[in-house]
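Atoms within a ligand are numbered from 1 in the order they appear, just like the ligands themselves.
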Amino acid sequence: MKYNVAIIGAGPGGYVAAIRMAQLKMTVVLIEERDLGGVCLNRGCIPTKALYSATKLIERAESASTMGISFAAPSVDLPALATWKEGVVSRLVSGVATLLKANKATVISARGTIASHGRIDLSTGDTVEAERIVVATGSFPVEIPGFNFDNPRVWSSDDALALTEVPDRLLVIGGGVIGLEIATIYNRLGSKVTILEMMAEILPGIDLDRRTIATLKRSLKEQGITIRTDTAATSLEETKSGAVIHTKTGDMFPADRVLLAVGRRPNSRGIGLEKVGIEPDRRGFIEVDEDLQTSVPGMYAIGDIVPGPMLAHRASNDALVLAVYLATGKHSGRDRVIPQAIFTDPEVSSVGLSEARAKKEGIEVIVGRFPYAALGKALGMNEAGGFFQVVAEANSHRLIGAQIIGADASSLIAEASVAVQNNLPLEAIADSVHAHPTLPEGMKEAAEAALGRAIHAVNR
Ligand code: NAI
């Protein structure tokens, strides 16, 4: 049988594409060599968030004493925690399998390699034929000289999430998203965590305002996490009592385990791209046009393998946009705004432009800020740290960006995402009634503050 579409890779790009394409009456085959759900479900977003929420209990139990409730020191049963986390993952993975089946998408468990235009060879010896091919093979963690994942001392995020041990001293190389999220989890579990970041600031790849970064750094330090910026790790030396990590600055850091979180690269090698004449760029990314078509007609690419933020929801959006294009020829939203959510303590989220970036682009802006400490709900939750910030065009009041640092920031950014995506003005948020007492009131008050009329903060 010749399918309408063959998709290689069943992560949040590939499996979402398969479901939506099948809904749109295309015949679809999804080829995956490991588990459905890709890195995100199996070894990324989902296990991290499961461990984030589980270990949050440790931190909540410790801080509860300020509310007059005290607990004994928590005891963590690591294998039980790992089993629970695996249960969350497998429930979602089997949910994806059910959805694919219900939508009549064919799933093949094998490694797929592009053989020619419209043909994919499978590791099982079979061949799949399709009118179009979608490459959704995702990305892998990179190594740097002196550190490789074959060394048991060196952890990838996969190793850290496997939860085999809680090292006394965990050294994290890379103050990006993965480094910070895993540092947060292991710090709560009891490791002494040090983060080395070679750039001048943590999260250098993300458009966050200085105030947001400063607030995050302060909080990480208060939790006992050491952060060293301008510090590039260069080599690892084994010693009698563990390892010592040397840096470009000449410093030495002792460690029992080293988490290497220095970025990810696209999985574009060994999948037969050269057979059809697709040439990835120097870093391995595949360029696509606004309809996600590569330089070769009939060949498409979505998700981490395409330049842009390496985020699950970006991949899923690519998938939805591509499905609509293939079914109807309509261009439908490659340029949608992509929010970012970082699961540190406190959480950080953002969408659109930061204040600094907007100014750099020459946009005249008005900015509104509102602290969690002025929200009754946040105080009642004993989560008073952080703030909401909105950035709007001065003339039109159109919201062009927002950042939140504080409790549940990852969820609270959704309202701003809707506003930025739909060109809504500050008034759309400020003049909508938000239930009281809730955290989203912070977004309304920030919009009011930008308009110079916050109620629960002094307007400046
Ligand atoms: P990243 O690119 O976000 O951060 C890597 C960091 O390592 C950079 O800040 C870089 O300057 C630093 N670095 C590189 N070499 C170094 C050295 N020798 N010594 C010290 N520091 C060094 O990459 P990360 O954290 O591995 O994440 C990979 C991708 O996955 C990112 O695109 C990220 O956005 C995405 N991701 C997003 C999540 C979220 O949004 N919640 C969660 C996990 C991953």
Thr194 side chain reached by Val172 side chain, heavy atoms, under 4.5 Å
no

Which of the numbered atoms in ligand 1 are under 4.0 angstrom from any heavy atom belonging to Ala341?
39 (C), 40 (O), 41 (N)

Gly263 versus ligand 1: do any nitrogen or oxygen atoms come within less than 3.5 Å of each other?
yes

Close approach, Thr48 and ligand 1, non-hydrogen under 4.0 angstrom:
no

Do the charged groups of Glu222 and Arg218 touch, with an N to O distance under 4.0 Å?
no

Sidechain N-carboxylate O distance under 4.0 Å for Arg228, Asp251:
yes

Val177 to ligand 1: N or O pair under 3.5 Å?
yes

Counting non-hydrogen protein atoms only, what is the nearest one to atom 21 (N) of ligand 1? Give residue, atom name and distance.
Met198 N, 3.1 Å

Closest non-hydrogen protein atom to atom 5 (C) of ligand 1, residue and atom name please, with distance?
Ala261 O, 3.4 Å

Over 60° means perpendicular and under 30° means parallel, so tell me whether Tyr186 and Trp155 are parallel, tilted or perpendicular.
tilted

Just distances here: any N/O of Glu197 and N/O of ligand 1 closer than 3.5 Å?
yes

Number the atoms of ligand 1 from 1 as they appear, then name those within less than 4.0 Å of a heavy atom of Ile144, with their elements.
18 (N)

Using a 4.5 Å cut-off on heavy atoms from C-beta on, say whether the side chain of Leu326 contacts that of Met21.
yes

What about Phe343 and Tyr52, are their ring centers closer than 6.0 Å?
yes

To which protein heavy atom is atom 19 (N) of ligand 1 closest, and what is the distance rounded to 0.1 Å?
Ala233 N, 3.0 Å

At what distance is the nearest protein heavy atom to atom 40 (O) of ligand 1, and which residue and atom is it?
Gln340 NE2, 2.9 Å

Is there a polar contact between ligand 1 and Ala232, counting only N or O atoms under 3.5 Å apart?
no

Any idea which protein heavy atom is nearest atom 35 (C) of ligand 1, and the distance to it?
Met310 O, 3.4 Å

May I ask you to check if ligand 1 and Arg264 share an N or O to N or O distance below 3.5 Å?
no

If we only count N/O pairs under 3.5 Å, is Met199 in contact with ligand 1?
no

Is there a polar contact, in the sense of an N or O pair closer than 3.5 Å, between Ile342 and ligand 1?
no

Is it true that Arg153 and Glu238 have a side-chain N and a carboxylate O under 4.0 angstrom from each other?
yes

Does some side-chain heavy atom of Leu220 sit less than 4.5 Å from a side-chain heavy atom of Thr184?
yes

Do the non-hydrogen side-chain atoms of Arg43 and Ser157 ever get within less than 4.5 Å of each other?
no

Using a 4.0 Å heavy-atom cut-off, which part of Ser157 comes near ligand 1: side chain, backbone, both, or neither?
neither

Can we say Asp281 and Arg283 salt-bridge, meaning some charged N sits less than 4.0 Å from an Asp/Glu carboxylate O?
yes

Identify, by atom number and element, the atoms of ligand 1 in contact range of Ile173, meaning under 4.0 Å from any of its heavy atoms.
17 (C), 19 (N), 20 (C)

Classify the contact between Ile178 and ligand 1 as side chain, backbone, both or neither, using a heavy-atom distance cut-off of under 4.0 Å.
both

Output the list of atoms in ligand 1 that are nearer than 4.0 Å to some heavy atom of Thr231, sorted by atom number.
19 (N), 20 (C)

Per-atom filter on ligand 1: closer than 4.0 angstrom to a heavy atom of Gly176 are 3 (O), 4 (O), 6 (C), 25 (O)

State plainly whether the residues Glu62 and Lys56 are in salt-bridge range, i.e. N to O under 4.0 Å.
no

Okay, side chain of Gln223, backbone of Asp345: is any donor-acceptor separation there less than 3.5 Å?
yes

Within the 4.0 Å heavy-atom shell around Gly174, which atoms of ligand 1 are there?
6 (C), 7 (O), 12 (C), 21 (N)

Would you call Arg210 and Glu201 a salt bridge, using N to O less than 4.0 angstrom?
no

Within 4.0 Å of some non-hydrogen atom of Leu311, the atoms of ligand 1 are 37 (C), 40 (O)

